[in-house]
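Reckoned from all heavy atoms, side chains included, excluding hydrogens, waters and symmetry mates. Order of the sequence lines fixes the chain letters, A, B, ..., with proteins taken first and strands second; residue numbering starts at 1 for each chain.
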Amino acid sequence: MVDAVIEGLKERISAAIKVNQSVGIQVPENRHKDLLQALFSFMNSDANEVWTFVTASNTFKHIFMSFKKVYENKNIKFIDCISRSAGIPIIDTECTYIESPTMLEKIVLEIMNIFKGIEHDVEKFVVIDSLSSLVIYNDSEIVREFVSVLLNKARSFNIHIVTVVIEEEVDAHSLLQMNDKIVVLRDSFIS
Amino acid sequence: MDKEKLCSTGIEELDMQMSGGFPVGSTILVTGCSGSGKTTLCMQYLFDGARNDERGVFFTITEPLFKLTKNVEGFSYYEKKLVESGMVNIIDLRIISERLGLDTEKYTVEDAGALLDILKDIANELDVKRLIIDSITALCYRLQTREMIRDFIFKLGTSLAMMNCTTLLTSEVPPQTYKFSQYEIEEFISDGIIFLGDIDRRGDLIRTLQVVKMRGQAHSRTKFALNISADRGIELMPLLKSSDFDSLLTQKINSSLRNIDRSREKVIL
């Protein structure tokens, strides 16, 4: 069942991201890990793409321990927004650590820096996991502005954006509407 | 303005905000509190110039030479060969003052005149196009009257402008204040003001930069978030506008606290 959901999700994400510049994914908390698995599996499918995964809900260390294969994939770069502010020791120089999830401008700068030297015709993607977590550390108004700035920058540099919102975090729901396409993952099916 | 008459800052985003850079020959006040990035900005400007065949000199008054060098060595823009070849010159002004036999704490009119002459002579001899005094606040502290400060900065600016030398003067101000200088004269003599500040976002301090004034040059007055990294030096990104609410709130709280403190003082008195 889990595998079927993950496969279904991969297909949905793949179809949505190919057509749209930005995709918002709403997921219930208990399926968040499945979504991450689907996303990482999708990222691994094409070595010619470049992905930046911005994590504000799990530390990089936790992701590394949960999804070990991800680390082997050199086309995925990580930005960890929470380890430093939580006082968790930095374990890897491959990951960019942001001092605090309140430093939203720095997140944008680091994303753009990762893509700076990459050729124009290479497919570029960013995942923000998750907007709900950013709303814990920031006012929802400023996160909305952050998404707007990021989407506009991404459009001008031909970067695709995937944003994740946790269903139970009500404050972040309106942020999903800013995307071109919304994918909703429910407990038992995808709509 | 003609691109040839502009002096690139070495910070791409800042150049964009000023249509290409500082007007050549101008005197710019780089003002901010401790830790706001004044010295880093000035050093980046100096090394960028050196890489483009513009010799520069950095006069330090606040920090000993070895400490300053150690700090700047960590940045990717630092190139030892530019220092060794004399394209970048870092000079401790206190040592020069001592060698000139000047009182290092308080300058007389004659002392100030002698110091001004030596600054001009060094700039002339080295044929520098970029000059930095870090900080003008520490220098002004040694000048005893406002008239002396005004006269000193004005004469320095005029002489350097005649040499087509673009000068940055750093100015120290207390944190969380919108003030450009300690003596409130420096900004009127300067052709431009770059204000480096902080905003408080949920307890985290975010560095900011704003071009407040740039005589003879169209420029943006947008507030930027400023990031300092060893790999890339200073980077700018427009500050998210919703931040103003946070900083306004902090200012209001600070001002309310000050009022409470004042009223408390009155009660005690």
Distance (rounded to the nearest 0.5 Å) between [X] [atom1] and [Y] [atom2]:
{"X": "B:Leu239", "Y": "A:Glu145", "atom1": "CG", "atom2": "CD", "result": "8.0 Å"}
{"X": "B:Arg201", "Y": "A:Met103", "atom1": "CZ", "atom2": "CE", "result": "8.5 Å"}
{"X": "B:Lys241", "Y": "A:Glu141", "atom1": "NZ", "atom2": "CD", "result": "14.5 Å"}
{"X": "A:Thr96", "Y": "B:Asp231", "atom1": "OG1", "atom2": "CG", "result": "9.5 Å"}

Mark yes when over 12 heavy atoms from residues, nucleotides or ligands other than [X] sit less than 6.0 Å from its [atom1]; otherwise mark no.
{"X": "B:Lys67", "atom1": "NZ", "answer": "no"}
{"X": "B:Glu73", "atom1": "CD", "answer": "yes"}
{"X": "B:Lys213", "atom1": "NZ", "answer": "yes"}

Please state whether the side chain, the backbone, both or neither of B:Leu205 comes within less than 4.5 Å of a heavy atom of chain A.
backbone
What residues of residues 108-117 of chain A make heavy-atom contacts with chain B at a cutoff under 4.5 angstrom?
A:Val108, A:Leu109, A:Glu110, A:Asn113
Please rank B:Asn227, B:Leu236, B:Ile206 by heavy-atom pairs under 4.5 Å with chain A and give me the top one.
B:Asn227
Quick check: closest heavy atoms across A:Glu105 and B:Leu240, and the distance to 0.1 Å?
OE2-N, 2.9 Å
